[in-house]
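Below: the structure, in structure tokens.
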Amino acid sequence: MKNVIVRWCYKNERAFEEFAPLKFVGERNQKLGFSNDMHIVLLDGFDRLSEHYKISLKNLGYTLHDASKSYKYFEEKYHQLHRFTDYEKKCFLRWLVIDQIFFGEKIIHYDGDIVFNEDPEIISKKVAGKTFVLQGCPAFTVISDVNWFEQYIKAFDEFANNIEAYSENAWKQRDGWEVTFRTRWSGSRFKKIISSDQDFLSHLMHTGQIKQDSIESIMLSLKDYVVFQNPLFIHFYDDNAPFSYQRENGIDYFLCNRQDGKKCFYKKKVLLWHMQSSFNFYLSKFIMRRKFLPFFIFNRLSTDLEYKSLEKKINVKLRRFVNYSRRSYVYDYFFNKTDFKKIFTNKMWWKQGVFK
């Protein structure tokens, strides 16, 4: 299977690396003995990366693809998407570009903000033959049945032809999403107008319009791992809380006593860390406390759902002047300088009962 990461560069490699540190991840993979056999597809900005930076990525094992022509073709073809942000537009169109570049190939798609806790080569073997979007989030998408792309494109053409009408009809079909959230990993969506590929794929999985293997078969393949698409919501997908956390030789594990037996204990690797914005900002708040707000250090670390908290107001102001919320900084702090042991405790974690 081809391992694929789709990225784009607006400014230069410094900003590129700060937003989603590919070089950092590649170097970390090397230290852990992991494979870096990754195809990096650049939708835009290939020429904004210096030759030195490109060579450094290639030396790590990455294969770089300048997909700007392919992307521009689809951007012009689906001009209706200009109503969305550039980010969302690129997310919608990345699947068409992947299909064009790797036509007929089986692929695993990883978002650029994934940090591996298992060798991608081993992951590829574990999920061989499967087709699924992990828990409604395309950050980790496995496509062994290439008909998936045909199904996506067919539905996407209908969507792009009349976004309002398609979204209105999809909203009418939304009933029962709470069930398929669990039974099909279709995710959730709360906007009437579909404005992201995640919401679009959620609708397709919910209505059975795109291939999604059974959760049972997927989890059987990944039975040796703790799997979650957003670390903030581990409890949505694993009922064996409370967990303990530990890192051994650079690898993160969760430990717990299963609820179906007092003597049934397990220790499993975290499959991967999806360092998406909400989790990254959550971690950056902990860094902020350690550096600037020591009087908050023993308080429970809340999520940004509590918009009016004093801590959030301070955090928002500090972010303008200090770089601790950038992914490159957060990665270095939690994967090089320390680990998650002070975060993953019942006293610190935002939701009680998830950790011991």
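Keep in mind that the numbers below use all heavy atoms, side chains included, and drop hydrogens, waters and symmetry copies. The residues of the chain are indexed from 1 along the displayed sequence.
Scanning for ring-ring contact (aromatic ring centres under 6.0 Å, His included) contacts around Tyr62 gives an empty result, with sequence neighbours left out. Scanning for ring-ring contact (aromatic ring centres under 6.0 Å, His included) contacts around Trp177 gives Phe190, with sequence neighbours left out. Taking Arg290 as the reference, nothing meets the salt bridge (Lys or Arg N to Asp or Glu O under 4.0 Å) condition, with sequence neighbours excluded. For the salt bridge (Lys or Arg N to Asp or Glu O under 4.0 Å) test, no residue two or more places apart in sequence or in another chain qualifies with Asp99. For Arg28, there are no salt bridge (Lys or Arg N to Asp or Glu O under 4.0 Å) partners two or more places apart in sequence or in a different chain. Legend: residues meeting ring-ring contact (aromatic ring centres under 6.0 Å, His included) with Tyr73, ordered by chain and number and at least two apart, are absent.
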Contacts under 3.5 angstrom, residues 43-50 side chains, donor-acceptor by atom type, not counting sequence neighbours:
unit_1	atom_1	unit_2	atom_2	d
Arg48	NH1	Cys9	O	2.6
Ser50	OG	Glu13	OE2	2.7
Ser50	OG	Tyr53	N	3.1

Side-chain polar contacts of residues 152-166 - donor-acceptor pairs under 3.5 angstrom, sequence neighbours left out - could you list them?
unit_1	atom_1	unit_2	atom_2	d
Tyr152	OH	Phe92	O	2.8
Lys154	NZ	Glu158	OE2	3.3
Asp157	OD1	Tyr78	OH	2.5
Asn162	OD1	Ala165	N	3.1
Glu164	OE1	Arg83	NH1	3.4
Glu164	OE2	Arg83	NH1	2.5
Glu164	OE2	Arg83	NH2	3.2

Scan the side chains in residues 100-111 for donor-acceptor partners under 3.5 Å anywhere in the protein, sequence neighbours excluded, and list what turns up.
unit_1	atom_1	unit_2	atom_2	d
Gln100	OE1	Ser70	OG	2.4
His109	ND1	Pro138	O	2.9
Asp111	OD1	Arg94	NH1	3.0

Would you tabulate the side-chain donor-acceptor contacts of residues 333-340 under 3.5 Å, counting partners in other chains and residues two or more places apart, or write 'none'?
unit_1	atom_1	unit_2	atom_2	d
Asn336	ND2	Asp332	OD1	2.9
Lys337	NZ	Asp332	OD2	3.4
Asp339	OD1	Lys341	N	3.0

Output a table of donor-acceptor pairs, distance under 3.5 Å, between side-chain atoms of residues 269-280 and any protein atom two or more places apart or on a different chain; print 'none' if there are none.
unit_1	atom_1	unit_2	atom_2	d
Lys269	NZ	Glu118	OE2	3.1
Trp273	NE1	Asp252	OD2	2.8
His274	ND1	Gln229	O	2.9
His274	ND1	Gln276	NE2	2.9
His274	NE2	Asp113	OD1	3.1
His274	NE2	Asp113	OD2	3.4
Gln276	OE1	Asn230	ND2	3.3
Gln276	NE2	Gln229	O	3.1
Gln276	NE2	Gln229	OE1	3.3
Ser277	OG	Arg327	NH2	3.3
Ser278	OG	Asn230	ND2	3.3
Asn280	ND2	Ser325	O	2.9

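Between the side chains of Lys89 and His82, at least one donor-acceptor pair of N or O atoms lies under 3.5 Å. No hydrogens or angles considered: nothing links the side chains of Asn117 and Tyr253 as a donor-acceptor pair under 3.5 Å. Gln209 and Thr207 share a side-chain donor-acceptor pair at under 3.5 Å. Residues Thr183 and Thr180 have side chains that never bring a donor and an acceptor to within less than 3.5 angstrom of each other.
Ring-plane geometry between Trp185 and Tyr237 is classed as perpendicular, the angle between the planes exceeding 60 degrees on a 0 to 90 degree scale with a lower cut at 30.
Judged as a side-chain hydrogen bond (donor to acceptor under 3.5 Å, both in side chains), the pairs with a partner in residues 30-40 (not counting sequence neighbours) are, in order, Asn29-Asn36, His39-His65.
Checked against the 6.0 Å centroid threshold, Tyr324 and Phe281 do not count as a close aromatic pair.
When the shell of 6.0 Å around NZ of Lys72 is examined, it contains 12 or fewer heavy atoms from other residues, nucleotides or ligands.
Between Glu150 and Lys211 no salt bridge is recorded (no basic side-chain N to carboxylate O distance below 4.0 Å).
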